[in-house]
*Asks:* 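Mind having a look at this structure? Questions to follow.
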Amino acid sequence: MPTLLWFRRDLRVGDLPALSAAVADDPEVLACFVLDPRLEASSGQRRLQFLGDCLRQLRDDLDGRLLITRGTAHERIPQLAREIAASAVHVSGDFTPFGQRRDQQVQSALGGVPLVSTGSPYLVSPGRVVKDDGSPYRVFTPFFRRWREHGWRRPASSGPESARWIDPSGVPGSDPAEIPDLGVELELPAGEPAALQHWRGFVEARSDRYESDRDRPDRDGGSRMSAYLKFGNIHPRTMAVDLDMRCPGRAAYLRQLAFRDFYAAVLHHWPRSAWANWNRDFDSIQTDTDAEAQRRFERWKTGQTGFPIVDAGMRELSATGFMHNRVRMIAASFLVKDLHLPWQWGARWFLDQLVDGDMANNQHGWQWAAGCGTDAAPYFRVFNPTLQGAKFDPDGAYVRRWVPELADVEDPHLVKGARPRDYPAPIVDHRDERAEALRRYLSINE
DNA sequence: AGCAGGTTTGT
DNA sequence: CAAACCTGC
């Protein structure tokens, strides 16, 4: 039975063991990657860099038997399936609403050929953890309890090499175009072996201080696994088996993996929450979108707001495609509550810039910050960017690293100290804007 | 997954 | 007198 393994831009190498197991007895398997040309636009380049590394790694693993073709998946897959007379198409897909819609488009275009979903990159598939009456959880903590009771399979033991592959040469219609080489070195090497190696390093050397250091952008306290998870270079199940609950840092990390599953489940149950307020009460909140708002948005994007921790984060993002999670929360809060811009503006920018940008996590993280999501921060919780910076980056090492104007200043968070002349003045007064944000929230129900 | 402004506690 | 703890927004 000829089988086409199809990956879209969210390539999940971590699903290969499951795929291999599913097709172990079938020698007629072809792996295919569909590169959406829209990813080649500037906004998608960061992720394309990482993806390119993943693809090169995969091509090596598959002994060169990887088909790369340009186009949109819902056009190319049915075409290829017909060309190789595939009797089934195995899909390694993600759980974005776009993905779901494309799956449906592909399914209908395929006619009678079955579309087989071969697994997800989550510990527990979205939609599986629900309340007793079948309704989805809206709050993380009870979800977490039920999620742990649910359990999950151990990772597949067989590797990708256990599958045999057909020779793709001679398959008509495939574009032999090379994987774009952007010539930019990322901090993290891509690919499954690199992901595994990085993970082992984290578990052995840094997981015991994860709990205390994960909120500290000045320390290397995070696991930095997010891009590997996003691109499926590693399956969270592979990680979960290493998370001994008796070790506090590792237990805390499992909770974060549960959060990832939770937001995937939220997006599964409420697909419109990708771009619309999950809590529709917020539809009437007033946001600024005029020319002045757009000027402020530009200052935010380029790290020129005059608030050190925000600027450091935004500059780290531009330079590396990554931002520390605590700083993401601060920068998001600042855009929503100090600049009064629509959270979707920030979410779009993050999704475009972050190497690990994930629809479910990114969008719901923003909704949390904006107060309109599940489990959202109450409206009166307004981050003070200066105090947050001083609290989580006490020596200012993070700010000094990313904001050179403040490198040699005694008080880099500018709590009381003097502001160097070459560093921008604050674009807003936090006290005033905090009051303004509260006013706007309170007026929702008037 | 805050903040501010208070009160209590510990040295 | 500073750190730790409490409480309403």
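Order of the sequence lines fixes the chain letters, A, B, ..., with proteins taken first and strands second; residue numbering starts at 1 for each chain.
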*Asks:* Listed by chain and number, what are the side-chain contact (heavy atoms from CB on, under 4.5 Å) partners of A/Ser273, not counting sequence neighbours?
*Replies:*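 With sequence neighbours excluded, A/Ser273 shows a side-chain contact (heavy atoms from CB on, under 4.5 Å) to A/Val266, A/Leu267, A/Trp270, A/Trp278, A/His364, A/Gln367, given in chain and number order.
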
*Asks:* Look at all strands and tell whether A/Leu387 reaches a base, only sugar-phosphate, or nothing, counting heavy atoms closer than 4.0 Å.
*Replies:*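 Sugar-phosphate contact only.
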
*Asks:* When the aromatic ring centroids of A/Trp199 and A/Tyr253 are compared, is their separation below 6.0 Å?
*Replies:*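 They qualify: ring centres under 6.0 Å apart.
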
*Asks:* Classify A/Arg328 by what it touches in the nucleic acid, base, sugar-phosphate, or nothing, heavy-atom distance under 4.0 Å.
*Replies:*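 The answer is nothing, as A/Arg328 stays clear of every strand by at least 4.0 Å.
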
*Asks:* Is A/Asp244 salt-bridged to A/Arg246, cutoff N-O under 4.0 Å?
*Replies:*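 Salt bridge: yes.
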
*Asks:* Taking any heavy-atom pair under 4.0 Å as a contact, classify A/Phe380: base, sugar-phosphate, or nothing.
*Replies:*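 If one applies the 4.0 Å heavy-atom cut-off, A/Phe380 turns out to touch a base.
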
*Asks:* Could you check which residues of residues 427-436 of chain A get a heavy atom under 4.0 Å from DNA chain B? Sort them by number, please.
*Replies:*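 Result for residues 427-436 of chain A: none.
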
*Asks:* Measuring centre to centre across the rings, with the benzene-like ring taken for any Trp, is A/Phe262 within less than 6.0 Å of A/Tyr137?
*Replies:*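 Distance test on ring centres: not under 6.0 Å, no.
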
*Asks:* Using 4.0 Å as the upper bound for N to carboxylate O, is an ion pair formed by A/Asp356 and A/Lys230?
*Replies:*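 Here A/Lys230 does not pair with A/Asp356 in a salt bridge, since their nearest N and O are not under 4.0 Å apart.
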
*Asks:* Are the charged groups of A/Arg145 and A/Glu149 less than 4.0 angstrom apart, N to O?
*Replies:*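 A salt bridge is absent here (no side-chain N lies under 4.0 Å from a carboxylate O).
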
*Asks:* Any salt bridge between A/Asp213 and A/Arg216, counting N to O under 4.0 Å?
*Replies:*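 A/Arg216 and A/Asp213: not salt-bridged.
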
*Asks:* Please determine if A/Asp242 and A/Arg200 form a salt bridge, counting it only when a charged side-chain N lies under 4.0 Å from a carboxylate O.
*Replies:*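 So A/Asp242 pairs with A/Arg200 through a salt bridge.
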
*Asks:* On DNA chain B, reading 5' to 3', which nucleotide is the first and which the last to sit with an atom under 4.0 Å from a heavy atom of chain A, could you check?
*Replies:*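 Contact span on the strand: B/dA1 to B/dA4.
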
